[in-house]
Engineer: 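To start, I am sharing the structure in question, which I have written as structure tokens.
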Amino acid sequence: MFRKYRVSGFDLVSILCLVVLVFLSAYSLESTHWTENLNLITALAVIGVILGMTLGITAFNKAQLLVLLVLYSLVILFSFLVNGTSQGELWDENWFVFHTRILEAMTDLLKGLPVTDNILFITGMGVLFWGMALWAGMALIRKGDIWLPALFLAVAMICTQFFQPSVYRNDLLSGVFFFLLVFLLGHQYYLKTHQRWKSAEAYEDQDAGRVFMTTSSIISAVIVIIAWSTPFVIDLATTGTKQQKAFVQTLEDSGDFFSDLFSSLTSQPIKKESVFGDTLPLGSSQPLSEDVIFTAIAPDADFNKGNYYWKARSYSSYNDGMWTSTELEERTFEKNTPVYAKNGTEQIPGTFIVVANTDLSYFYTSGSVMSIDQPTRTMDVFPDSEEAEVIAWRPLLPLGEKDSYQFTTFFPTRTYEKLQTAGKAYPARIKRIYLQLPDDFSPRITKLSEAITEGLDTDFAKALAITDYLRKTYRYSFEVDDIPATLDPVFWFLFEEKSGFCNFYASAEVLMLRSIGIPARLGVGYAQGVVIEKGKVFEIRSKDSHAWAEVYFPDFGWVIFEPTSAQPAVTFQHEHDETMDTVDGRNGDFNQGNRQLSQGDIETGDFSRFDAIERRLSSQDSFLDDISVEELPNQWYLTVITWIVIGIVVSFLFFGHVRYQGAQIPIQEYVIVHIEKRGRKAPNWLMDWSAHRKLTYLQKNIHQIDVSLHWFIKRDARQMTIMEESAQLQQFVPTAAQEIQTVLNAFQDEVYGAKEINTQEVRSSFRKIRWAVFVTWWKDRFNLLKKRANTR
């Protein structure tokens, strides 16, 4: 019942490599966490490849294998897809649930509605990977040629990793997969070569197999490493790319690795600052630690009326859960160089002293910085305009432990009354960058923002309302669950989890403000830290790493808002008060503070306008929770036009002609002519395609006689003439004898007699031949089975 297929590549190494390849390809999809039950696809793929190899070893012929494959597939796919996705006790109940889910999902799809059920995706991917795995297993055992199934597995791997956000891609998984793929293909080539040598009775060194395996491993590793590193090397060598900038910064920060490596030899653990790179993934968090990163000394105890924010940089663009900065220009300044001092220069500046307790890659600053007492590399936005400003100050070389720097800054007076009158005359550049929203931005967030700010006239009041809403409604948590890949992190924070850390709070406020036309950006760095001397000396710890919202107001610039409930609120001084209004930020209760802020112009009855907004929102919680994503404008016509254009291009490639020197020639021949005019040789595939285009319908389809004959005889019929093939096919399929003769006569008339033929008649004859061959073959199979049954 079993055969030995070692000659076709059946050996333990090949089997193990293929099983791992199929597993990695399916696991690549599972690791995306795009939806639930992806583990079913991985299990199906592994079982499929094992079943494919098992059936490949057997002596069943193709027809028998086809029947077994269909039966096995129905049973296993039913078990996994129907029972695995429904999880009921009875199979008929699971089938009913599965069937209903499929119908409902298909109905929504045909109606153009979003399909929220993952059943279509799970079923489609399960069947796809099951088929690829079966195919790969049987191809390895029976033919020893897995190029085509391996190509499909590689495409599946590439697609799943490509559609992952770059920060979540698994380079190690891809590297191992392609290493094994190249190694397996090389190993298969060796097995075939070994068999040829054996058949030819040629001498083969005993160590040839081991040497070839070692060489294949080395070559595979080299190819994968080169392919893996080539894009990075190109970006690294290109001036101005993110990779090139990161490489330069890595050289500057090269001491981190060795500090980590030998940290056990030091007297105390190594302290590290938070990472604020060119990109900031929204879900990323920093380890909690009491380690002091730096100490800041203010010029006077009352130099600033509120809490300090030690800023590293800001981000302007948000897409796919990632913050980046756009339109930046780097500059280098000598020490104590005044830079962009405006927006409140009437204030008396002061000088801060910062002492590093670990390596620092930023100058952490507060307020509107005027200069730093060391050479600096700045990241500037709009450096050639009135809106020019520095979004980050960096030392030319990282600061080391005990290093210090001084920066001169001031805190503009931005009273509550002045910010209320700031207006909406935003500069065009500010609006272009700081009103950016992702392409897939949910209208539900806009509706929530509009509900919170309904009835408020000024952008300042709207910013306060959204800040207040976030602080009161959402729970601070440093640990967050895995964010579903199908949801944007901000959407998930606002409507699903409703808890998170500062990155989520700040990002939510920035996007909510942008959705109602208020420019905002994300600021990152450290919160005030531990007060060592009141208003004067602060120790900033690793756990003080923080993100906040910065809102732009005309004539005032950027103003910090604090949406995170775990931090004290930012408050604003009234013009008629000598001291700032106080707000208790320990428990997020802003009623007293908001009553004070609302006095004179926004008070309504016995409670402030903010209180009224909060009461209205609390009474409309169900309304806000039920806000659904608005249906996007129907742009079906764009899809139709795209497919029409694609259809026209494809049709032209396969059927189009070009007029050249007074004659109509296929487009392929036209390309070949122009290639040869330049003294080059056209590729063989293009020449073959051109030659195929020149064939008539009969010449293109005459091979159907050979294919039909192959259904009845297993030997190679291609050595026979078309007349011999036709005569033999008539013996097997006598019911089609007349049609076979019609095709044969037409072929002889066209090829040898140069006569025009009736193409319609030939087409009809080919259709009748195919049907007659099909019916005759099945009758023969049935009679054979019947005969075997009678002999038993």
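Just so we're clear, the structure is a prediction, and the values are computed from it rather than from any experiment.
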Engineer: If we only count heavy atoms from C-beta on, is the Gln738 to Lys768 side-chain gap below 4.5 Å?
Structural biologist: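 Side-chain contact under 4.5 Å: no.
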Engineer: About how many Å separate CD1 of Ile50 and CG of Leu18, when rounded to the nearest 0.5 Å?
Structural biologist: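 Leu18 atom CG to Ile50 atom CD1 measures 10.0 Å (nearest 0.5 Å).
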Engineer: Is Ser726 close to Val743 at the side-chain level, that is, under 4.5 Å between some pair of heavy atoms?
Structural biologist: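 Of all side-chain heavy-atom pairs linking Ser726 with Val743, none is under 4.5 Å.
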Engineer: Would you compute the distance between atom CZ of Phe177 and atom CD1 of Ile158 and round it to the nearest 0.5 angstrom?
Structural biologist: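 If we round to the nearest 0.5 Å, Phe177:CZ and Ile158:CD1 are 8.0 Å apart.
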Engineer: Write down the atom of Val22, the atom of Ala133, and the distance for their closest heavy-atom approach.
Structural biologist: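 Between these two residues, the closest heavy atoms are CG1-CB, 3.9 Å.
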Engineer: What closest approach, in Å, do Leu181 and Ala154 show between heavy atoms, and which atom pair accounts for it?
Structural biologist: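 Closest approach of Leu181 to Ala154: CD2-CB, 4.1 Å.
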Engineer: Without swapping roles, check the side chain of Ser25 against the backbone of Leu21 for a donor-acceptor pair under 3.5 Å.
Structural biologist: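 Checked: no pair found.
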Engineer: So does Lys681 have more than 12 non-hydrogen atoms from other groups sitting under 6.0 Å from NZ?
Structural biologist: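 Yes.
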Engineer: Contact between Ile15 and Met53 at the side-chain level, heavy atoms closer than 4.5 Å - yes or no?
Structural biologist: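 SC-SC contact between Ile15 and Met53 confirmed.
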Engineer: In Å and rounded to the nearest 0.5 Å, what is the CD1 to CG distance from Ile141 to Leu55?
Structural biologist: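 Separation between the atoms: 11.0 Å.
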Engineer: Does Gln741 CD have over 12 foreign heavy atoms under 6.0 Å away?
Structural biologist: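 More than 12 within 6.0 Å, yes.
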Engineer: Could you measure the distance from the CG atom of Leu29 to the CD1 atom of Ile41? Nearest 0.5 Å is fine.
Structural biologist: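 If we round to the nearest 0.5 Å, Leu29:CG and Ile41:CD1 are 5.0 Å apart.
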Engineer: Between Trp135 and Phe152, is the ring centroid distance below 6.0 Å?
Structural biologist: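 Between Phe152 and Trp135, which both carry aromatic rings, the centre distance is below 6.0 Å.
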Engineer: Under 3.5 Å, is there a donor on one side chain and an acceptor on the other for Thr160 and Ser28?
Structural biologist: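 The answer is yes; a qualifying pair exists.
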Engineer: At what distance, to the nearest 0.5 angstrom, does OG1 of Thr54 lie from OH of Tyr72?
Structural biologist: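 If we round to the nearest 0.5 Å, Thr54:OG1 and Tyr72:OH are 8.5 Å apart.
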Engineer: Indicate the atoms forming the closest heavy-atom contact of Glu30 with Leu38, along with that distance.
Structural biologist: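 Heavy-atom minimum between the residues: CA-CB, 3.8 Å.
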Engineer: Could you check whether Arg767 makes a cation-pi contact with Trp771, meaning its NZ or CZ is under 6.0 Å from the centre of the six-membered ring and within 45° of the ring axis?
Structural biologist: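 The answer is no; the distance or angle limit is not met.
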Engineer: What verdict does the side-chain contact (heavy atoms from CB on, under 4.5 Å) test give for Phe712 and Asp780, after you've listed the backbone C-alpha separation in whole Å, the side-chain angles of each residue and the deciding distance to 0.1 Å?
Structural biologist: CA-CA 10 Å; Phe712 300 96; Asp780 291 346; 3.8 Å; yes
Engineer: If you define the side chain from C-beta out and look only at heavy atoms, does anything of Val773 sit under 4.5 Å from Phe732?
Structural biologist: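 No. Closest side-chain heavy atoms not under 4.5 Å.
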Engineer: Any heavy-atom pair between the side chains of Phe178 and Leu24 that's under 4.5 Å?
Structural biologist: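 No. Closest side-chain heavy atoms not under 4.5 Å.
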Engineer: Are Phe23 and Val49 side-chain neighbours, meaning at least one heavy-atom pair lies under 4.5 Å?
Structural biologist: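 No; the side chains remain at least 4.5 Å from each other.
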Engineer: Indicate the atoms forming the closest heavy-atom contact of Ile769 with Glu739, along with that distance.
Structural biologist: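 Closest approach of Ile769 to Glu739, heavy atoms only: CG1-CB, 3.8 Å.
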Engineer: Going through the distances and angles, do Trp777 and Val733 end up as a side-chain contact (heavy atoms from CB on, under 4.5 Å)?
Structural biologist: CA-CA 9 Å; Trp777 187 87; Val733 193; over 6 Å; no
Engineer: For the residue pair Ala156 and Met132, what are the closest heavy atoms and their distance?
Structural biologist: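 Between these two residues, the closest heavy atoms are CB-CE, 4.2 Å.
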Engineer: Can you list the steps and then say if Leu134 with Ser73 is a side-chain contact (heavy atoms from CB on, under 4.5 Å)?
Structural biologist: CA-CA 10 Å; Leu134 275 176; Ser73 297; 3.8 Å; yes
Engineer: Looking only at side-chain N and O atoms, does Ser690 offer a donor or acceptor that is under 3.5 Å from a partner on Glu669?
Structural biologist: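 No, no side-chain donor-acceptor pair sits under 3.5 Å.
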Engineer: Begin from the C-alpha positions of Trp130 and Ile76 and carry the test side-chain contact (heavy atoms from CB on, under 4.5 Å) through to its verdict.
Structural biologist: CA-CA 10 Å; Trp130 171 259; Ile76 295 177; 3.4 Å; yes
Engineer: According to the interplanar angle, ranging from 0 to 90°, do the rings of Phe183 and Phe179 count as parallel (below 30°), tilted (30 to 60°) or perpendicular (above 60°)?
Structural biologist: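 Phe183 vs Phe179 ring planes: parallel.
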Engineer: Got a second to check how far Glu725's CD is from Leu744's CG, nearest 0.5 Å?
Structural biologist: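 The CD atom of Glu725 sits 10.5 Å away from the CG atom of Leu744.
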Engineer: Using every non-hydrogen atom in the two residues, find where Cys17 and Leu184 come nearest and quote the distance to one decimal.
Structural biologist: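 Taking Cys17 first and Leu184 second, the nearest heavy atoms are CB-CD1, 4.0 Å.
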